[in-house]
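Given the structure is predicted, the values throughout are model-derived calculations rather than measurements. Residue numbers count from 1 along this sequence.
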Amino acid sequence: MPKYTYDHIHLRTKNPEEMAAYFEKMFDAKVIHSVQSDGFVRTDLDIDGLMVFVATVPEEENMDSSPREPHLGLDHFGFRVENLEETVAELKSRGAEMAREPRTIRPGVQVAFVRAPDDVRIELLQRD
């Protein structure tokens, strides 16, 4: 059986610089710019070892709407945090929009959701 290990998350956006700036401001991501073999600039984010690749969607591309609830495909990705209340307060002080305020989903597990640009949803998860 093959062994699978994490490599990256890939986000698509019409404004990679805005997306990268958001993750840098909110999550202290390190923004990495490089030139691909095709000559196009590539934007990557390093969030404490979590690699996120940010790819451009052309402006003329028709994006009717964001996915509706529930939808197929990637719903969100999550960051585990030690103190959810402190984390949410810090993100709000940086200007984050909460898609869902902190709540307990079962004993010992609290979650909240942040809404990033292009309706990317990020779960914050505290497990006691």
Do the ring planes of Phe27 and Phe23 sit parallel (below 30°), tilted (30 to 60°) or perpendicular (above 60°)? tilted

Do Met98 and Val114 make a side-chain contact, defined as non-hydrogen atoms from C-beta onward lying under 4.5 Å apart? yes

Verify the neighbour count for atom CD of Glu82: are there more than 12 heavy atoms of other residues, nucleotides or ligands below 6.0 Å? no

Heavy-atom side-chain contact between Val52 and Leu11 under 4.5 Å: yes

Return the OG1 to CD distance between Thr104 and Gln126, rounded to the nearest 0.5 Å. 8.5 Å

Single-linkage hydrophobic cluster, 4.5 Å side-chain cutoff, Ile9 and Val31 together: yes

Side chains of Glu17 and Asn15: donor-acceptor distance under 3.5 Å anywhere? no

What one should report as the nearest heavy-atom pair of Ile122 and Ala116 is CD1-CB, 4.0 Å

Using a cut-off of 6.0 Å, state whether more than 12 heavy atoms not belonging to Asp48 lie near its atom CG. no

Rounded at 0.5 Å granularity, tell me how far CG in Leu84 sits from CD in Glu101. 9.5 Å

Can you establish whether the number of heavy atoms outside Phe40 located under 6.0 Å from its atom CZ is more than 12? no

Linking I/L/V/M/F/W/Y whenever any side-chain heavy atoms sit under 4.5 Å apart, do Val41 and Met19 land together? no

pair Asp46-Met51: side-chain heavy atoms closer than 4.5 Å: yes

Hey, which of Thr43, Val120, Asp118 is the one that makes side chain to side chain contact (heavy atoms under 4.5 Å, CB included) with Thr13? Asp118

Could you check whether any side-chain heavy atom of Arg94 comes within less than 4.5 Å of a side-chain heavy atom of Asp28, counting everything from C-beta outward? yes

Specify whether His76 and Phe113 have parallel, tilted or perpendicular ring planes, treating 30° as the upper limit for parallel and 60° as the lower limit for perpendicular. perpendicular

Are side-chain heavy atoms of Tyr6 and Leu50 found at a separation under 4.5 Å? yes

Kindly indicate whether the side chain of Val81, heavy atoms from C-beta on, has any atom under 4.5 Å from the side chain of Val88. no

Closest heavy-atom pair and its distance - Leu45, Ala29: CB-CB, 4.3 Å

Spacing of Glu90 atom CD and Met26 atom CE [to the nearest 0.5 Å]: 9.5 Å

NE2 (His33) and CZ (Arg42) are apart, to the nearest 0.5 Å, by 12.5 Å

What distance do Ile105 atom CD1 and Leu125 atom CG have between them, rounded to the nearest 0.5 Å? 6.5 Å

With rounding to the nearest 0.5 Å, note down the distance linking CG in Leu124 to CZ in Arg100. 12.5 Å

What verdict does the side chain to side chain donor-acceptor pair (under 3.5 Å) test give for Asn83 and Glu85, after you've listed the backbone C-alpha separation in whole Å, the side-chain angles of each residue and the deciding distance to 0.1 Å? CA-CA 6 Å; Asn83 186 311; Glu85 294 293 333; over 6 Å; no

With side chains defined as the heavy atoms from C-beta onward, is the minimum distance between Phe79 and Ile47 less than 4.5 Å? yes

